[in-house]
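Lettering follows sequence order; numbering is per chain, from 1.
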Amino acid sequence: MRFPSAVRLIALLCGLTLAAQAQDLSSFEKRITTKVLPNGLTLIICERPEAPVFSYFTIVDAGDANDPGGQSGLAHMFEHLAFKGTKDIGTTDYAAEEVALDKVEQAYAAYDEEYRKRVGRDEAKLKQLHAAFEQAQAEAQKYVIPNQFTEIAEANGATGLNAQTSLDDTQYYWSMPSNRLQLWAYMESDRIANPVPREFYKERDVVMEERRMRTDSNPIGRMVEQFLATAYVAHPYHRPGVGWMSELSQITATEADAFHKKYYVPSNMVIAVVGDVKAEEAMPVLEKYFGAIPTGPKPEEMSTVEPPQTAEKYVILKEQSQPLYLEGYHKPDYRDPDDAVYDAIQDIFSNGRTSRLYRSLVRDQQIAAEAEGFSGFPGDKYPGLFAFFAVPNPGHTPQEMRTAIHKEIDKLKTTDVSDDELTMFKTRARADLLRGLGNNQGLAEQLAIYQLRYGDWRELFNQLKKIDAVTKADIRRVANKTFVDTNRTYAMVEFQPPASQAAQQSQGGGR
Amino acid sequence: MNRIFFTKKHTAEKTLHHRAHRGFSAFLLTLVLVASGFASYAQQTQPWKQIPIPPLHPFHPEQPKRIELKNGLVILLEEDHELPFINGFIDMRGGSRDEPAGKTGLIELYGDAWRTSGTTSKDGDALDDLLEAKAAKVETGGDVDSTSVSWSCMTKDEDMVFGIVVDLLEHPAFKQDKLMLAKQQAAAGIIRRNDDASAIASREAARLVYGKDSPYTRLPELSTIKAVTLDDLKQWHDKTIVPNNMIIGVEGDFDSAKMEKALRDAFEGLPRGTPWPKPTGEFPGPKHGAYIVDKTDVNQSNVYIVGLGTLRNNPDYFALSVMNEVFSGGFGSRLFQDVRTKQGLAYAVGGGFGADYDHPGIFRVVAGTKSATTTKAAQSMLAEISDLKTKPFTEDELKRAKDEVLNSFIFNYDSKEKVLAAAAKFEFYGYPADFLQKYRDGVEHVTTADLERVAKKYIDTSKLAVLVVGNQQEFGTPLTELGLGAPQPIDISIPGAPQQGPGAPGGNEGEQ
């Protein structure tokens, strides 16, 4: 997932005088309790007693950008593992299972060592080692109660249960009736502290299917993967979050365990709960369970910084699907003082039928079915891209998209945006923030993300000041700084008929 | 971006998945108990069972205020003062299943061009400027059985925004240039409809069930959208803006008495019209067999097993819902446990015996698996379906399924928006206002004998079709192993589409 751009979250009610009380910072100050536990974990409770339910959101400050070399896809693979149960949940006998799982790892390591041999690999031995690995898995499987963790959650009314991993971070969430708060605190803290790598290698097969679905078998997925691999040379934003197939297919439970030890430390996480909960009753319960997670050092920050791009780059994919166009420009991360300026450009270029790209490419020139620009792709924790995406109408080419988008960018560099456009951006940002406050899950997400990203959930509201400060001159300055040829990477999908059809046509076959 | 299981996509992804989605959000997942079932496990200590679950706070959300005007218009009002917003909708009976076959796509074009054309006094572009400046929305749209106008605005802008809604209903402009634009967009969608394998599979599976020419599944083509004229839009509008075929719902920060007055003032004068006819149609279900769409640019097959489903007013609906929960409802369900957890054959897996409000739904079981395991996955899915009739439902399965439905039941009405949406749906389809309560009671009373009975009555593998969209050369084990004969190829070519992609003749499909 993309960090919901400041635009969406930002808004506060500064300028507007609104009758209702539930939406300003001071009202949230009263309803929100924050506590940093001795082990370093930050908990947020927000009281919103509209209905006897609650939602939670756990965010771990580690995503697939943190995957070690050769192990792309590991953060996401671990996320799947976090649903496999704990030392108590999902097993008939953990003591025996632990021994069996160790044997699985040993058997896999022996197989893997032979498999990776560049010279002198013994195929017969490999087969034997694989059989031993399968046997070890079957032994371990005897202790498994499959999917018991999620079954307990779902049988207790968990709704919207899911998790997702981006390059930036990993997120877990669901909603439940409020009388299950203690049960949830037990389950969530247990899986953070005590995940067990059961059924790991079958789950790896499942994740490989996820890659086939999202990337390999989808023309847009294929384009995005090649685009990012082209746009970044050093920073891990160049890699697909799900992992390269070769690396994903060789990830081990031992590696997942090391990732967990390093990144799933309490000081690297924020958990927010929103709903029909009373902080004074709930906080002690949460402290009891989450306080038991062993502490650990906060992982070191990444050293890699993407070097400045010095020449335009591109990738052209010949596909048997209709043409597409995508381009991107490197921009700073979310902490940059100009972050809100990028949000303004995104809004003015892309938000609805008043947006410049819609009016120019879709409505007036009628060359595109869809066109937009957006900030922070594929993430914004580290310097991401400001990207433009266009879907050509029948009979129109990616090249025409490119020309038309550049014309709009040039206009942004040379002419001020109008007062109406700038005001519209600020008004919509405010309204969007407000609209987001009426939903437990959405609110839990925002509070957790802002607490993690800025060290204070109040920044969710304070962002509006940055939005309000954006000027026309800022927009021109940032556009001139960012949207330059040498900072650009683009990808095109061009149509090419499938081989069989092409052969028919070249023989004068046709249809 | 990557998730533990497949549901609707998030914003950024959505952006980059233009027309590539086809939500699996509707079908969830499943579980099978390996070996002899879950109760037989002698488990170690189970700390979660010691955790107290106090009674849930009583919660009886207020039902919307229902007002029926003399001309038959039904109004539902739900006050909600948490935030300073008002959201509303007006639904009109009649949708794409009612459009003429030769003009398939009419409702989509109508839903687009109605709003973008604007009104006789303010064109659509001016409305965009006016509304967006207030962070407000007024949108129109078309669906299979209805069209709608909806709005959302801050409380202080309600008068202005509602004025636009009424103006759109009473004085729509329907302009040629906006119809052309809508046709452009529709043509782009038609030309691109075979780019994504999962979209092809979802679409063609439904066409196998309802028939390729069925009003529910026929496709807009370049020729049928070309046939739609401005007069068609105007006639549709005049035919459907009839108060006794309309439902209005408003939710948010308003005073019901004042809102009622505003709505009465606006609509009481509309004359009653012909009631919209009840839907009819034949639903024979698919022709038993295997079907294939060969797609050479994928390494994963979309496997769909489909048959005819049922209606929600079927007395067996509650038992079927519980059966679905056992079969495919969540991680613990038979299908999920087998195909995903036990065999690792798929990431996206799900389905269920579908039920619609006023016509039979689709029985659909779906998985995405690598090309080489296509036949194996299809066999496993078919075996799970057959097992519904032969493998006894256990008390544990029944309890788990009921717990899942009943303990999460509050999420059917935990917000005012949901309460209003449910009430409007029941009103639209003529279901009792307390249908949710009836559903809850019905589920509570389902027994394993009921499950056995409905499985025997409704599950018939000889009436199912198996569709695979995938790269046939890489299947390894051929689909003929399913025992359904040679897979029949489905022609998905797009009539009138340019063969070479862009640059070839055939651009500007929207031109008449």
Side-chain angles (χ1 to χ4, degrees), chain A residues 1-2 18 20 22 51-53 76 80 83 88 92-93 145-147 150-151 154-157 159 162-166 177 179 182-183 186 202 205-206 209-210 212-213 216-217 219-220 224 241-242 320-323 353-354 366 369-370 391 393-397 424 427-428 431 438 495 498, chain B residues 1-4 7 10 12 16-18 20 31 41-44 47-48 51 53-54 56-57 59 82-84 128-129 132-133 135 184-185 187-188 191-192 195 197 296-300 330-332 337 340-341 344 346-348 368 370 400 403-404 407-408 410-411 414 501-502 507-509:
Chain A
M1 179 198 119
R2 198 155 72 84
L18 295 162
V53 295
H76 175 234
H80 277 246
F83 288 83
D88 289 330
T92 55
D93 179 354
I145 304 176
N147 293 328
T150 35
E151 262 193 71
E154 287 175 338
N156 279 283
T159 296
N162 215 329
Q164 54 189 28
T165 310
S166 68
N179 57 349
Q182 188 180 347
L183 177 70
Y186 161 75
K202 269 190 296 184
D205 290 343
V206 170
E209 291 294 357
E210 189 175 353
R212 289 185 190 101
M213 181 189 82
D216 299 333
S217 297
I220 295 176
V224 167
V242 72
Q320 48 179 284
S321 54
Q322 295 299 308
R353 284 187 299 264
T354 52
Q366 306 204 1
E370 192 179 291
V391 177
N393 268 339
H396 295 280
T397 63
M424 195 185 283
T427 305
R428 294 198 287 206
F495 178 79
Chain B
M1 193 175 284
N2 301 296
R3 308 172 153 218
I4 185 70
T7 61
H10 257 231
L16 290 178
H17 279 83
H18 173 73
L31 137 128
Y41 288 109
Q43 194 168 5
Q44 50 183 37
W48 62 93
I51 293 175
I53 295 178
L56 201 59
H57 300 164
F59 180 61
E82 185 187 12
L83 295 169
D128 291 338
D129 289 332
E132 292 292 342
Q184 281 275 11
Q185 308 261 89
I191 298 290
R192 290 175 180 274
D195 287 357
T296 54
D297 65 344
V298 301
N299 63 2
Q300 185 182 66
F331 283 71
Q337 287 271 34
R340 177 164 153 166
T341 307
Y347 164 69
K370 59 187 175 296
R400 182 188 62 78
D403 281 350
E404 286 181 11
N407 286 329
S408 65
I410 190 165
F411 292 103
D414 65 318
N508 297 323
E509 273 15 340

Would you say [X]'s side chain and [Y]'s backbone share a donor-acceptor pair under 3.5 angstrom?
X	Y	value
B/Asp128	A/Thr354	no
A/Asn179	B/Ile53	no
A/Arg353	B/Asp129	no
B/Asp195	A/Ser321	no
A/Asn147	B/Phe331	yes
B/Glu132	A/Met424	no

### Message
Just to verify, which of A/Pro323, A/Pro394, A/Pro219 counts as forming a side-chain contact (heavy atoms from CB on, under 4.5 Å) with B/Arg192?
### Response
A/Pro323
Nearest 0.5 Å please: distance from the [atom1] atom of [X] over to the [atom2] atom of [Y].
X	Y	atom1	atom2	answer
A/Glu154	B/Arg400	CD	CZ	7.5 Å
B/Gln337	A/Glu151	CD	CD	6.0 Å
B/Ile191	A/Gln322	CD1	CD	6.0 Å

Restricting to non-hydrogen atoms, name the atom on [X] and the atom on [Y] that form the minimum distance, rounded to 0.1 Å.
X	Y	result
B/Ala346	A/Glu209	CA-CG, 3.9 Å
A/Pro52	B/Leu56	O-CD1, 3.6 Å
B/Ile410	A/Val53	CG2-CG1, 3.6 Å
B/Ala133	A/Thr427	O-CG2, 3.6 Å
B/Ala188	A/Ala369	CB-CB, 3.7 Å
B/Phe59	A/Ala51	CZ-CB, 3.5 Å

### Task
Using a cut-off of under 4.5 Å on heavy-atom pairs, state which of B/Asn299, B/Asp414, B/Asp403 scores highest against chain A.
B/Asn299
### Query
Just wondering, do B/His57 and A/Pro177 contact through their side chains at under 4.5 Å, heavy atoms?
no
### Task
Evaluate the ring planes of A/His80 and B/Tyr347, with Trp represented by its six-membered ring, and classify them as parallel (under 30°), tilted (30 to 60°) or perpendicular (over 60°).
tilted
